[in-house]
There are 2 protein chains.
Amino acid sequence: MAIGTRDRIVETTAKLFLERGYTGTGMKAVALGSNATFGSLYHYFPGGKEELAAEALRTAADGYASRVGEVLGGAPDVVTAVRLAFEGAAVTLQDTDYADACPIATVALEVASSNEALRQVTAEIFEGWLVFLEIPFLAAGLDQPRARELAILFLAALEGGFLLCRAAKDPAPMYALGRTVVEAVEHALADTRP
Amino acid sequence: MAIGTRDRIVETTAKLFLERGYTGTGMKAVALGSNATFGSLYHYFPGGKEELAAEALRTAADGYASRVGEVLGGAPDVVTAVRLAFEGAAVTLQDTDYADACPIATVALEVASSNEALRQVTAEIFEGWLVFLEIPFLAAGLDQPRARELAILFLAALEGGFLLCRAAKDPAPMYALGRTVVEAVEHALADTRP
DNA sequence: GTCTATACTTTGATAGAC
DNA sequence: GTCTATCAAAGTATAGAC
């Protein structure tokens with residue numbers, strides 16, 4: 001079945017958020033990029049830009065979690081999974097001229113102090129990701145607090161890596177983070193199995 | 001000596017960048033916040049918003065490096081320094097209602113794919129910070145590549161922590177990162193002194 | 001559901017008096 | 001150096017025909 005107008009609008013919005021952020025993405029640009037008109041935009045999203053943004057963020061977050069989930073699920077063990085995630089992020093950045101990074105981060109920082117409704121949306125997304133990322137660490141035998149700590153380290157390092165790599169147009173920081181975070185995970189596992 | 005109009009403009013811009021980002025900060029708001037007029041704005045910054053942004057970013061970056069430098073320099077050893085840096089960031093976030101975070105990150109993500117001139121400014125700032133952060137690790141006896149890896153981990157984790165804490169309005173991620181990054185530093189030091 | 005036209009505001013920027 | 005007035009463009013959003 002063909003992709004509907006509504007889906008195209010959401011998809012275009014998420015893509016524009018990646019490149020230009022929330023404030024930098026105009027409804028005009030969304031209409032143009034999705035081959036929709038203002039009538040369609042406000043027909044599907046009576047709440048305007050804010051409502052559209054909320055849905056675009058949630059959709060993009062689900063898609064990104066799926067991508068990361070495939071990498072993590074396809075690895076034989078947690079350490080390999082973490083290593084592949086950072087290496088994959090580095091390669092993807094290079095392949096897309098440093099455009100394909102976290103679809104939430106830019107908007108999250110923009111709205112954190114200026115738009116309470118969207119701030120909550122980004123908070124829910126990150127919390128969902130953290131719960132999702134705890135799973136492989138729990139499966140590897142770590143207790144809950146420890147699994148959460150490592151999930152936070154994983155996500156924060158990935159986000160920081162996106163920031164440094166995109167600014168420098170250089171994948172090196174992401175590779176370096178892959179090495180240090182892998183070491184941290186190895187040490188955490190060693191502590192539970194002396 | 002009194003603070004000049006020019007300084008007020010730059011300071012106001014940096015502050016607004018923290019709360020609203022680059023695209024979200026209008027020249028009108030800068031003029032209002034700094035008690036300056038459009039005439040003064042474009043008198044001091046003929047290059048307009050872009051030129052003003054570049055200077056605001058560089059000034060804010062120097063100020064932030066000084067603040068971090070004081071924390072790092074005042075600690076008896078690297079491990080303590082790292083711990084205090086993350087704990088200090090967490091406390092500052094809480095004290096300022098999650099507004100006082102990295103003065104560069106939001107703008108850096110916004111411009112990474114859409115404004116090459118400002119992207120380069122943010123790249124230079126981050127590179128300067130990394131060189132600055134390598135120092136305590138080198139002083140602790142680590143070799144250059146290793147010191148760089150840990151500087152990247154430190155900065156990326158801090159940036160990722162700002163993101164997660166601001167989105168959630170919760171300092172917990174920053175404290176968790178403090179613990180895991182401290183462990184990573186401890187292990188790195190242990191490897192060089194077996 | 002989709003279209004065009006339009007209202008209204010804000011944006012970055014400039015001109016010229018003072 | 002500072003001020004006011006003003007511009008053209010882009011911003012969000014709405015109305016009403018189809």
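Just so you know, these numbers use all the heavy atoms, side chains as well, and skip hydrogens, waters and symmetry mates.
- When each of B:Arg6 and A:Gly24 is assigned the nucleotide of DNA chain D with its nearest heavy atom, B:Arg6 is the one assigned upstream, toward the 5' end.
- Atom NE2 of B:His43 is separated from atom P of C:dT14 by 15 Å (rounded to the nearest Å).
- Using bins of under 30°, 30° to 60° and over 60° for the plane-to-plane angle, the ring pair B:Phe162/B:Tyr64 lands in the perpendicular bin.
- Residues from residues 27-40 of chain B with heavy atoms under 4.0 angstrom of DNA chain C, sorted by number: B:Met27, B:Lys28, B:Phe38.
- Remark: P of C:dG12 and CZ of B:Phe45 are 15 Å apart, rounded to the nearest angstrom.
- With hydrogens and angles ignored, the 3.5 Å screen pairs no side-chain donor or acceptor of B:Arg20 with any backbone N or O of B:Thr25.
- To the nearest angstrom, C1' of D:dA13 lies 14 Å from CD of A:Glu51.
- A salt bridge does not link B:Glu51 with B:Arg58: every distance from a Lys NZ or Arg NE/NH1/NH2 to an Asp or Glu carboxylate oxygen is 4.0 Å or more.
- Between A:Glu50 atom CD and D:dA13 atom P the separation is 9 Å, expressed in whole Å.
- Between B:Leu16 atom CG and C:dT11 atom C1' there is a gap of 15 Å when expressed in whole angstrom units.
- Distance from the side chain of B:Lys49 is smallest to C:dG12 among D:dT12, D:dG1, C:dG12.
- Between B:Glu116 and B:Arg119 there is a salt bridge, with a side-chain nitrogen of the basic residue lying less than 4.0 Å from a carboxylate oxygen of the acidic one.
- With respect to the salt-bridge test (charged N to carboxylate O, under 4.0 angstrom), the residues B:Glu183 and A:Arg146 qualify.
- What separates CG of A:Leu41 from C1' of C:dT6 is a distance of 16 Å, to the nearest Å.
- Remark: A:Asp170 pairs with no residue by the salt bridge (Lys or Arg N to Asp or Glu O under 4.0 Å) rule, at least two apart or across chains.
- At the phosphate of C:dT2, OP1 or OP2 sits under 4.0 Å from a side-chain N or O atom of A:Thr5.
- Using the six-membered ring where Trp is involved, A:Phe126 and A:Trp129 have ring planes that are perpendicular, over 60° apart on the 30 and 60° scheme.
- Among the heavy atoms of the strands lying under 4.0 Å from A:Thr25 are primed sugar atoms or P, OP1, OP2 only; no base atom is included.
- Look at B:Tyr42 and you won't find any side-chain N or O under 4.0 angstrom from OP1 or OP2 of D:dG1.
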